[in-house]
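Report on the following structure.
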Amino acid sequence: MRHWLMKTEPSVFSLDDLRRKGREGWDGVRNYEARNSMRAMRVGDPVLIYHSNAETIGVAGLAEISREAQPDATAWDPANEHFDPRSTPERPLWDQVEVAFVRAFPRLVTREDLQGIPAFSASLLWKRSRLSVIPLTDAEFAAVLFAAELPAADGDQRARPERAAAVRIRSSGQGSGRGPSPKRASR
DNA sequence: GCCAACGTTGGC
DNA sequence: GCCAACGTTGGC
């Protein structure tokens with residue numbers, strides 16, 4: 001199973017917006033590498049939703065692919081902000097996938113948290129700062145899920161200790177990561 | 001195919 | 001809102 005991270009600017013389209021709508025066509029992506037990643041996505045693939053360009057930057061929760069790649073019709077709509085005249089209905093250039101809400105994390109896994117997760121240190125999120133659709137390794141994905149259940153690194157140490165403990169037990173021995181010691185965004 | 005100019009992304 | 005990083009475009 002593949003895992004992905006998709007960026008969105010929460011002022012444009014947030015995880016809460018996705019929760020309200022249930023599903024969303026992830027259109028507007030105008031980068032070949034991101035498009036190719038979307039073409040590789042399969043129904044059911046988990047997707048971390050990352051809030052970029054925001055006051056609180058980080059992974060807000062989990063979604064999944066609910067429909068595989070299909071042509072992105074906004075590309076041949078002159079009125080659309082992501083209009084690209086090179087794309088036509090006859091020869092589509094850009095694709096979109098549909099993403100379905102799964103859950104919001106108990107807390108945001110902040111960018112700072114991510115920077116402190118050893119299993120995440122080689123992520124494309126750092127190496128390819130402009131890429132808006134990013135494939136994740138199993139270890140990277142697991143590390144973020146794990147961190148999401150831990151108390152925040154600062155401040156709310158008392159938050160959900162029982163939950164964190166439960167996760168520790170369930171995750172023990174797996175060697176997964178440890179906790180921290182673009183309408184839509186322009187994706 | 002190089003690379004300077006340009007436009008955009010996204011952290012701060 | 002600034003601006004560095006970086007992906008894309010287009011002249012040569």
Side-chain angles (χ1 to χ4, degrees), chain A residues 2-19 24-41 46-63 65 69 71-88 90-99 101 104-105 107-137 140-141 143-144 147-148 150 152-156 177 179-187:
Chain A
R2 281 159 283 218
H3 310 89
W4 310 95
L5 179 149
M6 296 177 98
K7 296 179 184 174
T8 183
E9 301 189 17
S11 62
V12 180
F13 190 83
S14 69
L15 182 70
D16 266 348
D17 294 326
L18 183 61
R19 183 197 339 236
E24 180 75 353
W26 214 262
D27 56 30
V29 175
R30 298 292 180 265
N31 170 282
Y32 287 106
E33 200 171 338
R35 181 201 68 182
N36 293 342
S37 283
M38 291 199 298
R39 288 180 174 175
M41 291 172 170
V47 180
L48 297 177
I49 301 298
Y50 177 93
H51 284 172
S52 65
N53 245 317
E55 202 172 318
T56 52
I57 297 167
V59 178
L62 186 63
I65 300 303
D72 177 355
T74 65
W76 56 75
D77 172 9
N80 191 279
E81 62 173 323
H82 299 298
F83 174 60
D84 182 348
R86 297 172 301 172
S87 185
T88 64
E90 294 73 33
R91 294 191 65 196
L93 182 58
W94 302 113
D95 281 9
Q96 63 169 44
V97 293
E98 186 187 72
V99 170
F101 178 83
F105 289 155
R107 68 179 187 86
L108 186 82
V109 180
T110 66
R111 180 176 174 85
E112 194 182 357
D113 292 333
L114 295 173
Q115 286 167 337
I117 298 174
F120 214 78
S121 62
S123 170
L124 285 178
L125 186 66
W126 316 127
K127 289 194 279 203
R128 302 290 311 284
S129 64
R130 306 276 297 270
L131 194 58
S132 63
V133 180
I134 294 175
L136 300 176
T137 65
E140 287 165 351
F141 179 76
V144 175
L150 294 175
D154 59 352
D156 100 291
S181 331
K183 165 165 176 291
R184 216 158 2 267
S186 50
R187 310 176 280 236

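Below, read A as the first sequence line, B as the second, and so on, with proteins coming before strands; counting in each chain starts at 1.
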Going by atom types alone, do A:Ser14 and A:Asp16 pair a side-chain donor with an acceptor below 3.5 Å? no
Any residue meeting side chain to side chain contact (heavy atoms under 4.5 Å, CB included) with A:Thr110, in chain and number order, not counting sequence neighbours: A:Leu108, A:Glu112, A:Asp113
What salt bridge (Lys or Arg N to Asp or Glu O under 4.0 Å) pairs are there with at least one residue in residues 49-61 of chain A, not counting sequence neighbours? none
Heavy atoms under 4.0 Å, any strand shown: does A:Arg86 hit a base, just sugar-phosphate, or nothing? sugar-phosphate
Residues which pass side chain to side chain contact (heavy atoms under 4.5 Å, CB included) with A:Tyr32, listed by chain and number, not counting sequence neighbours: A:Arg35, A:Arg86, A:Leu93, A:Trp94
Using the test salt bridge (Lys or Arg N to Asp or Glu O under 4.0 Å), find all partners of A:Arg91 that sit at least two apart in sequence or belong to another chain. none
According to salt bridge (Lys or Arg N to Asp or Glu O under 4.0 Å), who are the partners of A:Asp77, at least two apart in sequence or on a separate chain? none
Listed by chain and number, what are the side chain to side chain contact (heavy atoms under 4.5 Å, CB included) partners of A:Thr137, not counting sequence neighbours? A:Ala139, A:Glu140
Under 4.0 Å from any heavy atom of chain A: name the first and the last nucleotide of DNA chain C that qualifies, 5' to 3'. C:dA5 to C:dT9
Bend across the helix from B:dG1-C:dC12 to B:dC12-C:dG1, to 10°, with axes taken over 5 pairs at each end? 0°
Contacts of A:Asn36 that satisfy side chain to side chain contact (heavy atoms under 4.5 Å, CB included) - sequence neighbours left out: A:Arg39
